[in-house]
Amino acid sequence: MTEIPSKYNPQECEDKWYSFWEEHNFFHAEVDSRRKPYCIVIPPPNVTGILHMGHALNNTIQDILIRFRRMQGYSTLWMPGTDHAGIATQNVVEKEIAQEGLGRQDLGREEFLEKVWLWKEKYGSTIINQLKKLGCSCDWERTRFTMDDGYSVAVSEVFIELAKKNLIYKANYIINWCPRCQTALSDEESQHKDVKGFLYYLRYPLKGEENKYVTVATTRPETMLGDTAVAVNPKDKRYNKLIGRSVILPLVEEEIPIIADSAIDPKFGTGIVKVTPAHDPNDFEIAIRHKLPAKIVMNDDATMNKNAPLDYQDMDRFEAREAIIEDLKERGLVQKIVDYEHSVGHCYRCHTMVEPYLSEQWFVDMKRLGLAAEEVVKKNKIKFHPPRWKKVYLNWMRDLRGWCISRQIWWGHRIPAWYCEDCKTAYDKMRKSEVIASERINLADAGIVISQENPKFCTKCGGSNMKQDEDVLDTWFSSWLWPFATFGWPVLGKKEEEELNYFYPTQVLVTAQEIIFFWVARMIMAGMYFMKEIPFSDVYIHGTVRDITGTKMSKSLGNIIDPLDIIDQYGCDALRFSIISLVATGQDVFLSKEKFGSGRNFANKIWNASRYILSNLDQGRVSPSLESFAREVKDLKERWIISRYYQTLDAATRALENFRFNDAARIIYEFFWHEFCDWYIELAKSTIDTKETQVVLHQILEKTLRILHPIMPYITEDIWQRIPHQGKSIMATIWPEMQKKLVDKKADNQMKTIIACIGAIRNIRSVWQIEQSKEINVKIRVAQKSLENSLAPQASYIQRLAKVGTIEVKKAFKRPKLSAVAVLPDIEIFVPLEGIIDVKKEATRLKQKIKELESLLKNTEARLKNKQFLKKAPVEVVAQTKEKKKEYKDSIKKLKDSLKGF
RNA sequence: GGGCGGAUAGUUCAGCUGGUUAGAACGCUUGAUUUACAUUCAAGAGGUCACAGGUUCGACUCCUGUUCCGCCCACCA
């Protein structure tokens with residue numbers, strides 16, 4: 001046996017075992033009709049991703065589930081991959097070329113995309129390699145990317161299919177526009193934040209009357225340049241007579257009507273609203289109802305455009321706001337400005353304030369797609385863990401609006417729509433001259449053809465001037481297909497079809513709450529529509545990783561803890577164990593570096609216990625199976641640890657099955673450290689050479705390593721490989737099976753008593769400050785002969801662990817003089833301490849104990865006197881209470897007897 | 001405006017369907033150690049379970065309300 005170092009060194013074994021697993025292909029899953037499938041699809045990290053604690057938590061959970069189920073015998077597939085992350089990736093590459101003073105327009109679409117692909121080739125697998133560092137047992141040979149050739153086919157097929165069914169449509173509508181990214185965003189990508197601003201009260205001169213005005217209130221005065229009406233509530237008596245008249249829009253000096261619309265809240269502001277159809281979703285709706293024109297007054301970059309008066313053209317929207325207010329003030333048209341805090345959308349990628357902007361975009365009809373997705377969750381075909389997310393999900397489903405899927409960027413799936421330039425130009429011209437009547441665009445009239453390939457000819461005019469839509473699709477429009485597109489759908493060979501049938505629906509989706517709407521809900525929609533089946537049966541939502549002050553970890557705040565740093569310093573298993581211990585179901589996780597110490601200490605404990613066992617193990621004497629051997633085990637400590645092991649196995653298995661990861665971690669930790677190490681190994685030292693102890697030490701260690709393996713894969717493999725074992729790797733062993741017959745309640749109780757005795761003696765030692773090295777003698781008086789019979793043979797346990805010299809266990813003997821006393825149910829422990837013990841002090845100590853017990857006794861007695869309690873409480877609770885009462889009484893009596901002896 | 005989560009030891013948190021004297025980790029105090037492990041071992045101190053009501057024989061646990069923190073959703077300008 002080579003010397004094993006006394007400290008566990010993660011660096012030495014992590015890479016080694018990871019390569020070993022990969023070489024042996026242990027992560028690979030195949031269709032196996034004899035076994036049940038278990039499949040998880042990874043939430044694909046962005047190709048631009050760098051491993052952060054959120055990933056660490058998310059993927060540790062998945063790996064635990066996967067390793068656990070794999071050992072349970074399922075054909076287990078963890079499908080990995082990355083997401084092309086349209087805006088994020090484009091931003092990264094744009095930043096890179098900006099260093100050479102270039103913009104993407106300088107390069108042109110094709111050249112720019114080449115750069116992005118190059119970037120992806122170079123850095124795109126960073127995150128994958130980092131997941132490997134985490135120990136993730138994904139089936140890497142299946143790794144997919146949302147812009148793979150095959151995957152892209154799925155995306156455009158889906159677009160075409162949905163468009164055919166009118167579930168995708170083109171519309172001229174108010175969308176969230178990011179002036180920095182210069183693209184439309186979906187509602188989910190616009191994040192509301194409270195912003196301190198002002199409410200401006202502006203006067204619009206009434207037409208035909210000198211010095212008469214209507215006053216409107218607005219938070220965004222710059223949009224007034226695009227006003228095409230002023231509106232009041234028809235029921236608002238103050239303004240009834242204004243309806244039908246008009247005002248002169250200041251600065252623009254155009255006449256606009258005063259209209260009545262019931263959407264106006266008379267209580268807000270002045271009760272009069274300026275209507276800006278092109279820059280406000282509410283106003284747009286009003287415009288449709290009243291057939292008002294829409295006037296866009298801003299460019300893509302949120303500077304004022306040529307529709308604005310010359311003075312403001314090319315000014316930024318905020319600059320324009322200042323200038324307009326100044327100009328209105330000069331004309332005496334600002335009544336007042338008051339402080340006002342309101343919620344404004346911001347781009348989720350760059351945090352720029354989003355501009356509501358009228359533009360032509362593609363939309364998915366979520367309302368119709370949502371019906372089936374709502375149903376399956378309502379009926380619990382898909383279960384959320386914890387269940388409260390079900391409500392959140394259903395709530396969101398209830399008021400779905402169109403999902404804007406076109407993005408004005410280059411990196412992504414090009415929209416499979418082709419425009420006849422002639423028809424489209426004519427159509428646009430016609431629409432522009434119209435007032436707004438509806439938002440949807442008739443594709444045929446506009447000369448738009450939806451098709452995978454260039455259709456070459458316009459179906460309307462027959463012209464050949466066809467051009468593909470410049471836009472790409474929202475990234476989530478590809479990720480929502482992840483659970484089935486990763487299997488090759490829709491182009492399925494025989495093998496792919498078999499695999500998809502076998503592994504779909506998948507079992508669990510593990511993700512964070514932020515992504516429920518973006519991704520989870522949409523995957524359910526896509527699954528129900530295209531596969532006619534739920535994509536997964538369980539959704540486990542874990543908390544958000546925050547720093548110790550509760551702030552979300554983010555690079556810009558500089559409060560991140562880098563998982564790779566933690567792996568370096570503490571080891572991967574320590575990271576995994578610690579983070580999983582902190583994850584109470586669905587609760588946010590507050591992290592600080594110090595918290596990883598517990599995992600490191602545990603790993604080291606495992607290491608040293610194993611080291612001790614290994615150095616004492618006579619490998620020729622171990623038995624290959626605990627089950628057969630265990631029936632003949634005689635000694636209490638062995639019967640006890642075997643019993644405890646199976647109870648631990650049972651509890652840990654159930655915890656993992658119910659997604660209670662922190663419980664699983666705690667249960668195994670508790671068992672290994674505080675039962676196996678603190679008690680069993682300590683006791684086993686006295687019989688280390690017996691076959692019984694040899695087998696049990698080896699077997700319990702081996703079996704505990706197995707149930708710990710999903711949480712701490714490396715150290716368990718490393719040790720397992722060193723002890724006698726069967727098979728190639730611990731990850732390929734089977735999950736131990738529960739042996740109810742080996743749960744030995746009698747042994748549990750006996751050990752409990754012994755542990756209590758040892759605790760009491762140690763306590764006396766401590767109270768009287770008796771050095772560890774000094775042996776003491778102990779007399780134990782028990783209440784029944786049977787207790788004497790069961791306890792006496794185990795006296796050596798007490799001698800050993802409480803450092804006791806002579807020990808006497810008897811039903812009857814004379815109380816020794818000048819003893820420290822401890823009283824347990826049916827047991828009195830006397831430690832004669834002549835010369836050490838201070839009688840007065842011991843008396844005080846005992847009196848204190850008596851007082852505590854008396855107060856407990858009083859409570860139990862009161863309860864037992866209560867007739868309602870006796871009548872209504874379950875019998876066993878009453879019996880228990882009676883038992884308690886007897887116990888307290890007995891203990892008090894014994895303590896009082898002892899006091900008399902002083 | 002709507003919804004959700006949290007408030008338990010000095011700190012960070014467990015405590016699942018109500019039932020013995022409310023647990024852990026870290027920190028603290030005291031002590032130990034040639035004999036697997038100081039990333040250790042033993043003992044100990046430390047809690048009006050946010051507050052106020054209610055239901056119940058019995059409430060940290062269930063209900064109602066209040067306060068404080070945090071989060072999500074929302075087109076009232």
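Below, all heavy atoms of this structure are taken into account, side chains as well, without hydrogens, waters or symmetry copies. Numbered from 1 within each chain, the chains take letters A, B, ... in sequence-line order. Everything quoted here is computed from the prediction, not taken from an experiment.
Ion pair A/Asp339/A/Lys196 not flagged as a salt bridge, since none of the NZ, NE, NH1 or NH2 atoms sits closer than 4.0 Å to an Asp/Glu carboxylate oxygen. Under 4.0 Å is where a charged nitrogen must lie from a carboxylate oxygen, and between A/Glu861 and A/Lys858 no such pair does.
In this pair, A/Tyr669 and A/His674 present their aromatic rings perpendicular. The plane angle is above 60°, beyond the 30 to 60° band.
With sequence neighbours excluded, no residue satisfies side chain to side chain contact (heavy atoms under 4.5 Å, CB included) with A/Ser766. Contacts of A/Arg800 classified as side-chain hydrogen bond (donor to acceptor under 3.5 Å, both in side chains), with partners at least two apart in sequence or in another chain: none.
Where A/Phe268 and A/Gln868 each meet RNA chain B at their nearest nucleotide, the meeting point lying more 5' is that of A/Gln868.
Taking atom CD1 of residue A/Ile259 and atom C1' of nucleotide B/A77, one finds them 13 Å apart after rounding to whole Å.
Stem regions for RNA chain B, each three or more consecutive Watson-Crick or G-U pairs with both distances under 3.5 Å and listed by first number, read B:1-7 with B:67-73, B:10-13 with B:23-26, B:28-32 with B:40-44, B:50-54 with B:62-66.
Residue pairs satisfying the salt bridge (charged side-chain N to carboxylate O under 4.0 Å, His left out) criterion with at least one member in residues 864-877 of chain A, sequence neighbours excluded, are absent.
Across B/C16 and B/G3, the matching P atoms stand 26 Å from one another, rounded to whole Å. Comparing B/U48 with B/A59, their C1' atoms sit 15 Å apart, to the nearest whole Å.
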Atom pairs under 3.5 Å: protein N/O with N/O of nucleotides 7-10 of chain B:
none

Identify each atom pair where a protein N or O and an N or O of nucleotides 16-22 of chain B are less than 3.5 Å apart, giving names and distance.
from: B/C16; atom 1: O2; to: A/Arg660; atom 2: NE; distance (Å): 3.4
from: B/U20; atom 1: O2; to: A/Lys884; atom 2: NZ; distance (Å): 2.6

